[in-house]
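The shown structure was predicted, so the numbers you read here are calculated from the model rather than taken from an experiment. Per chain, numbering begins at 1; letters A, B, ... match sequence-line order.
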Protein chains: 2
Amino acid sequence: MVTLEDVARQAGVSLATASRVLNGSTRQVGATLRARVEQAADELGYRANVAAQTLARGASNVIGIVVHDLTDPYFAALADGAMRAAATEGLLVMVGTTHRDPEQEIAYVATLNAQRVRAVLLVGSRVADPDVTRRLREELARYQSGGGRAACVGQDLLGVDTVAPANKEGAAELARALAGLGHTRFAVLAGPPHLVTAADRCAGFAGALEEMGLPAPQVIHGPFDRDGGHAAAREVKDATCVFAVNDVMAVGALAAYRERGVRVPEDVSVAGFDDIVTLRDHVPALTTVRLPLKDMGARALELALGEEDAVVVEQVAGEVVLRESVRRPV
Amino acid sequence: MVTLEDVARQAGVSLATASRVLNGSTRQVGATLRARVEQAADELGYRANVAAQTLARGASNVIGIVVHDLTDPYFAALADGAMRAAATEGLLVMVGTTHRDPEQEIAYVATLNAQRVRAVLLVGSRVADPDVTRRLREELARYQSGGGRAACVGQDLLGVDTVAPANKEGAAELARALAGLGHTRFAVLAGPPHLVTAADRCAGFAGALEEMGLPAPQVIHGPFDRDGGHAAAREVKDATCVFAVNDVMAVGALAAYRERGVRVPEDVSVAGFDDIVTLRDHVPALTTVRLPLKDMGARALELALGEEDAVVVEQVAGEVVLRESVRRPV
DNA sequence: GCAGACTTGGAAACCGCTTTCCGGGGAGGT
DNA sequence: ACCTCCCCGGAAAGCGGTTTCCAAGTCTGC
């Protein structure tokens with residue numbers, strides 16, 4: 001491997017000069033030497049050793065993003081937004097996937113801390129487990145006490161900058177829209193009870209129904225993914241409208257209905273949450289609550305990198321999008 | 001930030017001993033001192049500085065993956081496969097997205113080289129541009145000459161270990177299957193001409209038709225994404241069967257037909273390529289060629305990490321999956 | 001033509017950790 | 001008892017850069 005020293009020797013200058021020429025410094029270097037160094041570096045194919053730079057400078061140019069599952073388009077969109085923002089700042093990205101294991105999430109924060117990354121982004125719903133939350137907070141605090149920056153997309157549970165989708169409000173608005181169509185008997189495919197995002201959406205939906213004086217929905221728990229929606233849909237008793245707490249579950253539910261010959265929206269209405277782009281061509285088109293996922297990812301990075309001392313929590317509103325998967329009940 | 005030295009001092013041992021206890025070494029440390037060091041590290045909340053370790057050890061534990069677009073489920077699946085494999089090896093992953101800019105790809109290889117990552121994975125179709133290919137090869141060679149390992153998913157153009165989907169053969173087999181249904185007039189939504197993956201699939205398909213003595217398909221070029229498929233579908237003249245060179249384009253085409261009131265498969269058959277999982281609930285279900293994307297990603301990492309000196313190219317066969325988006329022509 | 005302010009190049013300390021090389025002490029063999 | 005041999009702890013030399021501190025010019029203004 002070619003080192004700076006090799007370059008300096010070849011150019012006949014000192015290490016200091018070579019460093020100043022090649023790896024950005026406030027100090028100027030004369031044109032002659034500068035040219036000599038650049039030529040030498042080019043001839044030798046020099047590539048700076050970032051580990052050494054990080055060590056010497058005490059700061060790296062990489063950020064870490066922790067998501068649950070990259071193949072879930074929800075996380076992919078969020079991660080993509082954050083990565084684009086990172087790229088414009090000249091930052092590299094390390095991505096970790098937890099596959100929904102909170103322990104993994106904690107472990108990743110420790111690892112990213114060891115990497116001395118500039119910032120870490122925790123993307124995805126928190127779980128309602130005080131012990132896990134406490135340990136994650138501890139690990140984050142340790143990271144931050146060493147100068148690390150952190151932000152989170154999801155719930156404001158960690159004491160760090162947060163981009164928080166308005167899950168409750170979005171779900172409530174959706175409930176009002178669906179009730180407005182004339183539905184009165186609802187079911188909620190609610191996902192796992194301990195997932196805060198799922199719980200919030202379910203609660204927001206049910207709360208709005210209650211406010212409107214409508215009967216409480218049938219709540220069916222299950223996994224937060226396509227198969228979870230598929231399975232849960234089969235347990236729906238006699239609702240005219242089914243709300244799945246995210247789009248992929250809704251798609252699973254639609255598949256389940258299709259298999260059973262139940263027509264959507266003629267026989268039952270189905271709505272989701274998130275407005276996943278990949279699903280926009282689904283038939284029937286999914287009624288949902290749109291979240292600006294890419295922007296949220298980018299915003300989270302901004303917050304993490306921001307100089308603010310105060311912890312800022314940014315609510316992001318969702319927008320109800322009515323599409324053909326719902327209609328007024330017959 | 002707590003350093004090893006702090007820990008060593010607190011435990012009353014030397015730096016060497018603390019290092020041996022905390023950061024894996026072949027050498028043993030006595031139980032007493034070991035316990036003292038561990039306690040000190042725990043009390044102080046020590047986290048090793050990976051940059052320093054990387055520098056001292058001369059080897060890092062991160063790998064780099066370069067993909068075109070994480071929000072494309074094709075790349076997400078590939079990346080996920082590679083990341084899972086990396087996790088089992090205890091490796092961290094840096095992900096870079098090029099958004100289909102070949103220059104970005106080259107730049108990423110340089111950057112990952114600077115990071116001295118253990119291996120880099122180039123995921124995605126090569127472009128048929130000799131200049132770009134040459135420069136990418138140069139950058140890769142430079143990286144490898146410094147001990148770096150590399151592998152690629154796509155075409156064998158870079159002189160590195162490669163996992164190569166059998167695009168031509170898969171498309172040919174698909175063509176034979178569709179012809180077997182009785183179709184004779186085909187169109188190919190062929191993607192960009194310079195994208196090798198797209199070109200191979202198109203060529204494989206057309207080649208098989210020719211072998212069977214069928215008329216050449218109408219070939220329509222355009223972007224490699226959903227909107228590209230959507231736009232291209234509108235230019236199809238009078239085919240009974242349309243082959244989109246990937247699934248997301250096929251979905252775009254299906255959407256275009258739906259908008260125009262053309263029924264699939266009654267009026268026209270549509271097939272794609274890749275068998276993207278996220279689309280499995282699409283209506284009508286998409287006929288396609290299944291590629292084991294996750295396995296391919298994992299395999300690419302294995303190849304990169306493998307000790308073999310010889311460059312190995314592994315063909316991965318696709319499997320034709322007939323679903324309801326095609327049927328015999330009327 | 002000279003004092004003083006600016007530039008510019010280089011020597012060397014340092015970033016935090018790994019690992020080689022030594023040395024001291026205990027165990028085992030005779 | 002004596003001598004190896006082995007085990008384990010510590011000192012110190014890097015790993016490849018960055019940056020501070022000096023010293024030697026180079027320019028200015030008078």
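- Regarding A/M1, its CE atom lies at a distance of 14 Å from the C1' atom of D/dG17, rounded to whole Å.
- Look at CG on B/L4: it is 6 Å from P on C/dT18, rounded to the nearest Å.
- Not a single donor-acceptor contact under 3.5 angstrom links the side-chain atoms of A/R20 to the base of D/dG17.
- Remark: A/E139 CD to B/R47 CZ distance equals 4.0 Å, nearest 0.5 Å.
- Residue A/G58 is classed as having no contact, given no heavy-atom separation below 4.0 Å to the nucleic acid.
- What separates CG of B/L15 from P of C/dT18 is a distance of 9 Å, to the nearest Å.
- Remark: of the listed residues A/Y108, A/F224, A/F75, A/Y74, A/F75 is the sole one forming a ring pair (Phe, Tyr, Trp, His ring centres under 6.0 Å) with A/H68.
- Using a cut-off of 4.0 Å between Lys/Arg side-chain N and Asp/Glu carboxylate O, A/E89 and A/R118 are scored as not salt-bridged.
- Remark: A/N23 is in phosphate contact with D/dT18, judged by side-chain N or O atoms under 4.0 Å from OP1 or OP2.
- Contacts between residues 47-57 of chain B and DNA chain D, defined by a heavy-atom separation under 4.0 Å, are made by B/L55, B/A56.
- Protein atom CZ of B/R116 is 18 Å distant from nucleotide atom C1' of C/dT18, rounded to whole Å.
- To the nearest angstrom, P of C/dG10 lies 14 Å from CZ of A/R9.
- Rounded to a whole Å, the CD atom of B/E5 is 9 Å from the P atom of C/dC17.
- Side chains of B/V67 and B/T98 form no contact here, defined as non-hydrogen atoms less than 4.5 Å apart.
- As rounded to whole Å, 13 Å separates atom C1' of D/dC6 from atom CD of B/Q28.
- Annotation: side chain of B/V153 is not in contact with side chain of B/L122 (no heavy-atom distance under 4.5 Å).
- Distance alone, capped at 3.5 Å, is enough to place a donor-acceptor pair between the B/R149 side chain and the B/A304 backbone.
- Note on B/S19: a side-chain N or O is less than 4.0 Å away from OP1 or OP2 of C/dT18.
- Among the nucleotides C/dA12, D/dG17, D/dG9, the one closest to any side-chain atom of A/A16 is C/dA12.
- Between the C1' atom of D/dT18 and the CG atom of A/L22 lies a distance of 13 Å, rounded to the nearest Å.
- For C/dG9, its base sits under 3.5 Å from the side chain of A/R27 at one donor and acceptor pair at least.
- End-to-end axis angle of the helix from C/dG1-D/dC30 to C/dT30-D/dA1, from C1' rotation axes over five pairs per end: 30° (rounded to 10 degrees).
- Side chain of B/R126 to backbone of B/G124: a donor-acceptor contact under 3.5 angstrom is found.
- At the phosphate of D/dG10, OP1 or OP2 sits under 4.0 Å from a side-chain N or O atom of B/T17.
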